[in-house]
Asker: 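Supplied in structure tokens, the structure appears directly below.
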Amino acid sequence: MLSQTTGYAVLALGFVAEAQGRPLLVKEISEATGIPRSYLAKIVNQLSRKGLVATQRGIGGGVTLGRPAAKITLYDICSALDDPLLKGGCMLGTAECSDERACPAHSFWSTHRDRQIRFLHENNLADVAAFESRQRKTRLRETRRTKKAAEEAGRVRFKEASQ
């Protein structure tokens, strides 16, 4: 499992990717994703130092991707943030995972970890942005349906009360 920091970074960068080059303020990203603003600012700073995002202060400034979304893999983000998954630790937390020091979970964890890393290499921010865009549209439709149903229920109650 990815660290919370990496998960937040993927979510934030997916949102930035959706903006298609338009600079976004950390405040905007924070509000849209629910990531605490100060925590997000630290993540953006780290990602900027690694070249995954570009930041510009002042009017018209904000955060943009450092390269196209399709060229930033989830592995790149994990690597930039030193995610523990990439460190090769033992699943049981006892020491460095290796064939020489194979704990009871070693066979399982080695295979599982290799699959996770392959997944991170094969998926990129364009995939995340497309998914998040679909999710936002679905939530928006549901919100509109709920609002419409509430308005309709209010009209019915008003009619009943006025009769």
Asker: Test: ring-ring contact (aromatic ring centres under 6.0 Å, His included). Region: residues 25-76. Which pairs qualify, not counting sequence neighbours?
Answerer: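 Checked against ring-ring contact (aromatic ring centres under 6.0 Å, His included) - neighbours excluded - the pairs reaching residues 25-76 are Tyr8-Tyr39, Tyr75-His121.
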Asker: Considering all heavy atoms of both residues, which atom of Leu40 and which atom of Val26 are nearest to each other, and what is their separation?
Answerer: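 Looking at all heavy atoms of both residues, the shortest contact is CD2-O, 3.6 Å.
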Asker: On a heavy-atom basis, which atom in Gly21 and which in Thr64 lie closest, and how many Å separate them?
Answerer: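 Looking at all heavy atoms of both residues, the shortest contact is O-CG2, 3.5 Å.
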Asker: Could you measure the distance from the CZ atom of Arg113 to the NZ atom of Lys87? Nearest 0.5 Å is fine.
Answerer: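 Answer rounded to 0.5 Å: 11.0 Å.
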Asker: Are Leu52 and Gln46 side-chain neighbours, meaning at least one heavy-atom pair lies under 4.5 Å?
Answerer: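 Leu52 vs Gln46: side chains apart.
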Asker: Ignoring hydrogens, what is the shortest heavy-atom contact between Leu25 and Gly61? Give both atom names and the distance.
Answerer: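 Taking every non-hydrogen atom into account, CD2-O, 3.9 Å.
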Asker: Checking Leu2 against Leu74 for the side chain to side chain contact (heavy atoms under 4.5 Å, CB included) test, could you report, in this order, the C-alpha distance in whole Å, the side-chain angles of both residues, the deciding distance, and whether it holds?
Answerer: CA-CA 10 Å; Leu2 300 177; Leu74 299 182; 6.0 Å; no
Asker: Whether the side chain of Ser30 engages the backbone of Ile35 through a donor-acceptor N/O pair (distance < 3.5 Å, no angle test) should be reported.
Answerer: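 Looks like yes, one N/O pair under 3.5 Å.
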Asker: Can you name the nearest heavy-atom pair linking Val44 to Val53, along with the distance?
Answerer: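 Looking at all heavy atoms of both residues, the shortest contact is O-CG2, 3.7 Å.
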Asker: Would Thr143 and Thr146 count as having a side-chain donor-acceptor pair, cut-off 3.5 Å?
Answerer: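 On atom types as modelled, these side chains do not qualify, holding no pair under 3.5 Å.
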Asker: Dump the intermediate steps for side chain to side chain donor-acceptor pair (under 3.5 Å) on Thr73 and Asn124, then the final yes or no.
Answerer: CA-CA 4 Å; Thr73 66; Asn124 59 49; over 6 Å; no
Asker: Report the distance from atom CG of Asp83 to atom CG of Leu120, rounding to the nearest 0.5 Å.
Answerer: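 Rounded to the nearest 0.5 Å, the CG-CG separation comes out at 8.0 Å.
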Asker: Any salt bridge linking Asp82 with Lys50? Criterion: basic side-chain nitrogen under 4.0 Å from a carboxylate oxygen.
Answerer: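 No, Asp82 and Lys50 are not salt-bridged.
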Asker: How far does NZ of Lys42 sit from OG1 of Thr5, to the nearest 0.5 angstrom?
Answerer: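 Between Lys42 NZ and Thr5 OG1, I get 10.0 Å after rounding to 0.5 Å.
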Asker: Can you name the closest pair of heavy atoms from Ala17 and Ala129 and give their distance?
Answerer: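 For Ala17 versus Ala129, the nearest heavy atoms are CB-CB, 3.7 Å.
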Asker: Is Glu28 paired with Arg22 through a side-chain N to carboxylate O contact shorter than 4.0 Å?
Answerer: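 A salt bridge links Arg22 with Glu28.
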Asker: Side chains of Gln20 and Leu65: closer than 4.5 Å at any heavy-atom pair?
Answerer: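 Answer no - side chains too far apart.
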Asker: Applying the side chain to side chain contact (heavy atoms under 4.5 Å, CB included) test to Ile29, which of Val63, Ile43, Leu13 qualifies?
Answerer: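 Testing each of Val63, Ile43, Leu13 against Ile29, the sole residue satisfying side chain to side chain contact (heavy atoms under 4.5 Å, CB included) is Val63.
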Asker: Give, for atom CG of Leu125 and atom CD of Glu18, the distance between the pair rounded to the nearest 0.5 Å.
Answerer: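 Answer rounded to 0.5 Å: 11.0 Å.
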Asker: Please round to the nearest 0.5 Å and tell me the distance separating atom CE of Met1 and atom CD of Gln116.
Answerer: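 Answer rounded to 0.5 Å: 10.0 Å.
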Asker: Under a 4.5 Å cut-off applied to non-hydrogen side-chain atoms, are Ser3 and Leu81 in contact?
Answerer: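 The answer is no; the side chains never approach within 4.5 Å.
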Asker: Around Gln56, counting heavy atoms of other residues, nucleotides and ligands shown, do more than 12 lie under 6.0 Å from its CD?
Answerer: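 No, the 6.0 Å shell around CD holds no more than 12 heavy atoms from other groups.
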Asker: What pair of heavy atoms forms the shortest contact from Gly14 to Val128, and how long is it?
Answerer: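 Minimum heavy-atom separation between Gly14 and Val128: CA-CG1, 4.0 Å.
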Asker: Out of curiosity, Asn123 CG to Ile72 CD1, how far, rounded to the nearest 0.5 Å?
Answerer: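 Going from the CG atom of Asn123 to the CD1 atom of Ile72 covers 14.0 Å.
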Asker: Is there a continuous path of hydrophobic side-chain contacts, each under 4.5 Å between heavy atoms, that joins Phe119 to Leu85?
Answerer: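 Yes, Phe119 connects to Leu85 through the hydrophobic network.
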